[in-house]
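Report on the structure given below.
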There are 2 protein chains.
Amino acid sequence: MSSVLAHIGIATFDIEKSVALYRQLCPEVVVNETITVGEQGVIVCFLDFPPHSAQGRIELLQPLNETGPIAKFLAKRGEGLHHICFSCENLTEKLKLLAADGFRLIDKTPRIGALGKPVAFVHPQSTGGTLIEFEEE
Amino acid sequence: MSSVLAHIGIATFDIEKSVALYRQLCPEVVVNETITVGEQGVIVCFLDFPPHSAQGRIELLQPLNETGPIAKFLAKRGEGLHHICFSCENLTEKLKLLAADGFRLIDKTPRIGALGKPVAFVHPQSTGGTLIEFEEE
């Protein structure tokens, strides 16, 4: 499988309120269980839009404390679009290629993301202002 | 077909530079022809990520002048994530439901978007900080 735009991350102060909002906007939305990612100081909830649940999902992100990256983003920019995530087949190899192309890697080696898959972020300063995550399929 | 997250809009000063960037990030990307939307003062370019090209696309948006909404966004926030777009079956009906639910509509009736389909935007003040477009399939 080739790279797809797997999900977009949206920062929120209140994940339950956001879930209710997206249920109103899109009654067909499939709401998954909330996941706590202690290491990143966030709770996340994935929203699926059938029929293609491996592509074009929404990841809602709510901070658990005031020091994590989502808390800092909310303090600076407020609620809203936070990042986009592409899937890839081999993340270690992908990061080598991106580094060779001059992209600024936030994670130089993969770490484990909310879904238990290896992930890594690329800094928006090297991607035209968009924080970009890569996730190994 | 039910609502899906059809695309995400990314504002850029230079669409050609952004296309080159996404080709580096995702060599599998399918780049469509650039479209001029004079009424909105933008040129746009859709990027597809097979196999599901009706879901999870990227719409790059570059201003044609200094007065349109994308030019204003860039002046205020810089390059980056701008909006997300959901598809829907009947946009006129959808807008009635959204208005009844208290959403603040930027377009109270559908207008024709870059792809020749009826579209309408919902104000981020009523959607947790995210500018949301609906597009009739």
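All figures in this text were calculated on a predicted structure; none of them were measured in a lab. Letters go in sequence order (proteins before strands), and every chain restarts at 1.
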Treating Ile, Leu, Val, Met, Phe, Trp and Tyr as nodes and any side-chain heavy-atom pair under 4.5 angstrom as an edge, say whether [X] and [Y] lie in one connected cluster.
{"X": "B:Val119", "Y": "B:Ile132", "answer": "no"}
{"X": "B:Leu91", "Y": "B:Leu115", "answer": "no"}
{"X": "A:Leu47", "Y": "B:Leu5", "answer": "yes"}
{"X": "A:Ile35", "Y": "A:Leu61", "answer": "yes"}

For this session: Tell me, out of B:Leu131, B:Thr12, B:Leu97, B:Ile8, who's got the most heavy-atom pairs with chain A below 4.5 Å.
Result: B:Ile8
Seminar exercise, completed: Per-residue tally against chain B (heavy atom, under 4.5 Å) across A:Ala11, A:Pro124, A:Gly128 peaks at A:Gly128
Exercise. Quick one: what part of B:Leu21 sits under 4.5 Å from any heavy atom of chain A, side chain, backbone, both or neither?
Worked result: both
Exercise. Looking only at heavy atoms, which two atoms of A:Pro27 and B:Lys94 are closest? And how far apart?
Worked result: CD-NZ, 3.7 Å
For this session: Write down the atom of B:Thr127, the atom of A:Tyr22, and the distance for their closest heavy-atom approach.
Result: O-OH, 4.5 Å
Exercise. Which residues in residues 64-85 of chain A have any heavy atom lying under 4.5 Å from a heavy atom of chain B?
Worked result: A:Arg77, A:Glu79, A:Gly80, A:Leu81, A:His82, A:His83, A:Ile84
Exercise. So B:Phe86 and A:Val29, side chain to side chain contact (heavy atoms under 4.5 Å, CB included) or not? Walk me through it.
Worked result: CA-CA 11 Å; B:Phe86 292 105; A:Val29 67; over 6 Å; no
For this session: Below 4.5 Å from any heavy atom of chain B, which atoms of A:Phe103 appear? Answer side chain, backbone, both or neither.
Result: side chain
For this session: Measure the spacing between OG of A:Ser126 and CG of B:Leu25 and express it to the nearest 0.5 Å.
Result: 8.0 Å
